[in-house]
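Note sheet for the following structure.
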Amino acid sequence: MIEILQGGTQTTVQDAGRPGLRHLGIPTSGAADRLSFALANWMLGNSWDAPVLECALGGLHMRFRQDTAFALAGAEMWAQINGRSVPNFSVSRVKAGDILTLSYARTGARSYLAVPGGIEVDTVMGSASTYLPAEFGGHAGRALKAGDHISYITDMPETINSLPSGYRPRLSRHVVLRVQPAAEYSELSAESQRQLFVGSFRVTSHSDRMGHRLEGAGLRLEAPHGLISSPLLPGTLQVPADGQPILMSVDGHCTGGYPRAVQVIRADLWQLGQIGPGSQVSFRRCFSENVTQILAHRNAYYSGLIDGFTF
């Protein structure tokens with residue numbers, strides 16, 4: 001069992017999500033950075049989709065109640081056990097009573113902590129993921145706070161894996177996302193279409209698991225008009241009336257009424273989880289003939305390491 005001493009900015013239980021329910025208004029949710037999440041589980045010998053703790057922006061303090069091990073992956077948060085630094089993207093062993101602290105994120109936004117067998121919580125609609133807006137899943141449907149006790153499946157892992165060279169994702173405070181034109185892209189003015197790909201946008205403090213509000217050169221429609229609510233996906237870039245775009249993330253609404261400018265390709269969606277306030281985001285156009293090839297290559301590369309994993 002783990003005792004939470006301080007929940008940090010936002011720490012939740014997440015797994016691979018609950019796909020297939022968007023027609024009911026329920027987003028997929030799950031780990032915002034699917035790749036770091038899967039790597040944390042793989043290093044500890046878990047199934048890649050086992051529930052973990054997702055710590056956003058840092059500040060998590062926790063005490064282990066028995067001898068065990070844990071794996072960390074994702075954002076750089078300067079992790080320490082009893083004041084002794086432990087490396088990111090690795091497995092560490094702890095004794096009963098040891099305290100783990102994660103400082104505030106320096107690069108990236110979310111860190112993933114896996115424990116042997118995975119976090120043990122009840123599932124909702126087939127998933128352990130916490131969906132905060134509707135207050136279900138995870139631990140009582142909310143972020144963790146001081147005094148919470150979290151159980152996990154087994155005391156010690158059967159297998160510990162070291163991450164081979166070349167598999168560690170590169171994180172940056174300037175995130176470049178490959179995109180394709182979305183439904184209303186052609187309705188943007190010529191200048192807005194140009195600006196979307198030559199400039200960069202700053203992520204504001206209004207950034208969470210639902211989406212990221214960006215600020216930069218305003219995007220405008222050639223002829224503004226009303227729009228009937230239409231489907232949204234993680235990675236959809238919406239353009240509201242003020243021209244400052246909104247980039248949807250894993251907990252984002254399933255429909256919306258703002259024009260949709262571009263859509264992040266599936267192979268790059270994991271990066272949405274590592275976008276934090278103050279980061280820079282740039283978009284690069286990806287042509288249709290490349291999208292399937294990029295995804296197939298990325299899936300083949302990581303599934304060769306992590307059995308069953310796909311982006």
Next on the checklist: Whether the side chain of R220 engages the backbone of D242 through a donor-acceptor N/O pair (distance < 3.5 Å, no angle test) should be reported.
Outcome noted: yes
Checklist entry - Are side-chain N/O atoms of T236 and Q263 paired as donor and acceptor at under 3.5 Å? => result yes
Next on the checklist: Is it true that, when you exclude H149 itself, more than 12 heavy atoms of the residues, nucleotides or ligands shown sit nearer than 6.0 Å to its NE2?
Outcome noted: yes
Next on the checklist: The test is side-chain contact (heavy atoms from CB on, under 4.5 Å); show your working for R173 and Q280 and say whether it passes.
Outcome noted: CA-CA 6 Å; R173 290 189 61 79; Q280 297 290 317; over 6 Å; no
Next on the checklist: Can a donor-acceptor pair be found, under 3.5 Å and without considering hydrogens, that links the side chain of R209 to the backbone of G30?
Outcome noted: yes
Checklist entry - Once you round to the nearest 0.5 Å, how far does CD of E76 lie from OG of S103? => result 9.5 Å
Next on the checklist: Atom CD of residue position E135 - does it have more than 12 heavy atoms of other residues, nucleotides or ligands inside 6.0 Å?
Outcome noted: no
Checklist entry - Counting heavy atoms not belonging to H253, are there more than 12 under 6.0 Å from its NE2? => result no
Checklist entry - Okay, side chain of Q193, backbone of Y185: is any donor-acceptor separation there less than 3.5 Å? => result yes
Checklist entry - What pair of heavy atoms forms the shortest contact from L237 to P245, and how long is it? => result CD1-CB, 3.6 Å
Checklist entry - Looking only at heavy atoms, which two atoms of A69 and V91 are closest? And how far apart? => result CB-CG1, 4.1 Å
Checklist entry - Hey, does I265 have a side-chain heavy atom less than 4.5 Å from the side chain of F311? => result no
Item to check | Exam field: side chain D15 to backbone D49, donor-acceptor pair closer than 3.5 Å | outcome: no
Checklist entry - Which residue pairs pass the ring-ring contact (aromatic ring centres under 6.0 Å, His included) test when at least one of the two sits in residues 34-59, sequence neighbours left out? => result W48-F309
Next on the checklist: With rounding to the nearest 0.5 angstrom, report the CG to CG distance, L132 to D208.
Outcome noted: 8.5 Å
Checklist entry - CZ of R93: more than 12 outside heavy atoms within 6.0 angstrom? => result no
Checklist entry - Under 4.0 Å between a Lys/Arg side-chain N and an Asp/Glu carboxylate O for D148 and R142? => result yes
Checklist entry - Quick one: are V179 and D268 in side-chain contact, heavy atoms under 4.5 Å? => result no
Checklist entry - Do the side chain of T11 and the main chain of G7 share a donor and acceptor less than 3.5 angstrom apart? => result yes
Next on the checklist: Run I246 and V239 through side-chain contact (heavy atoms from CB on, under 4.5 Å) and show every step you take.
Outcome noted: CA-CA 7 Å; I246 302 169; V239 182; over 6 Å; no
Checklist entry - Would one find more than 12 heavy atoms of other residues, nucleotides or ligands at under 6.0 Å from atom OH of Y258? => result no
Next on the checklist: Quick check for you: to the nearest 0.5 Å, what is the distance between D122 atom CG and S127 atom OG?
Outcome noted: 12.0 Å
Checklist entry - Is R34 salt-bridged to E54, going by a charged N under 4.0 Å from an acidic O? => result no
Next on the checklist: Quick check: do T12 and L144 have side-chain heavy atoms less than 4.5 Å from each other?
Outcome noted: no
Checklist entry - Does L272 offer a backbone N or O that forms a donor-acceptor pair with the side chain of H212 under 3.5 Å? => result yes
Checklist entry - Is there a donor-acceptor pair closer than 3.5 Å between any side-chain N or O of T68 and the backbone N or O of D155? => result yes
Checklist outcome for this item: Rounded to the nearest 0.5 Å, the OG1 atom of T28 sits from the CG atom of L21 at a distance of 8.0 Å
Checklist entry - Under a single-linkage definition using a 4.5 Å side-chain heavy-atom cutoff for Ile, Leu, Val, Met, Phe, Trp and Tyr, are L233 and V291 assigned to the same hydrophobic cluster? => result no
Next on the checklist: I want to check something: taking the side chain as every heavy atom from C-beta on, are V175 and L177 in contact at a cut-off of under 4.5 Å?
Outcome noted: yes
Item to check | Reported CZ-to-NE2 distance for the pair R213 and H206, which is rounded to 0.5 angstrom | outcome: 7.0 Å
Item to check | Minimal non-hydrogen separation, W78 against S85, with atom names | outcome: NE1-OG, 2.9 Å
Item to check | Flag, side chain of R18 to backbone of S129, donor-acceptor distance under 3.5 Å | outcome: yes
Checklist entry - Side chains of P157 and L44: closer than 4.5 Å at any heavy-atom pair? => result yes
Next on the checklist: One pair to check against side-chain contact (heavy atoms from CB on, under 4.5 Å): V94 and L100. What are the steps and the verdict?
Outcome noted: CA-CA 9 Å; V94 289; L100 171 67; over 6 Å; no
Checklist entry - From Y131 OH over to D251 CG, what is the distance, rounded to the nearest 0.5 angstrom? => result 6.0 Å
Next on the checklist: For the residue pair H174 / S200, report whether a side-chain donor-acceptor contact shorter than 3.5 Å exists.
Outcome noted: no
Next on the checklist: Do I275 and L196 land in one hydrophobic cluster if side-chain heavy atoms of ILVMFWY residues count as linked below 4.5 Å?
Outcome noted: yes
Checklist entry - Are side-chain N/O atoms of S189 and E222 paired as donor and acceptor at under 3.5 Å? => result no
Checklist entry - Is the distance between the ring centroids of F89 and Y167 less than 6.0 Å? => result no
Next on the checklist: Taking the ring centre of each residue, are F283 and F197 less than 6.0 Å apart?
Outcome noted: no
Next on the checklist: Could you check whether R110 pairs with D33 (Lys NZ or Arg NE/NH1/NH2 to Asp/Glu carboxylate O, under 4.0 Å)?
Outcome noted: no
Next on the checklist: Under a 3.5 Å distance rule, please check whether N82 uses its side chain to pair with a backbone N or O of D98 as donor and acceptor.
Outcome noted: no
Item to check | Donor on one side chain, acceptor on other, W270 and S36, under 3.5 Å | outcome: no
Item to check | Backbone of L295 reached by a side-chain donor or acceptor of R266 within 3.5 Å | outcome: no
Checklist entry - Is there side-chain contact between C254 and P27, with at least one heavy-atom pair below 4.5 Å? => result yes
Checklist entry - So do Y302 and L35 actually touch side chain to side chain, heavy atoms under 4.5 Å? => result yes
Next on the checklist: Would I2 and F64 count as a side-chain contact (heavy atoms from CB on, under 4.5 Å) here? Give the steps.
Outcome noted: CA-CA 5 Å; I2 299 168; F64 294 92; 4.2 Å; yes
Checklist entry - For the residue pair A109 and G273, what are the closest heavy atoms and their distance? => result CB-O, 3.8 Å
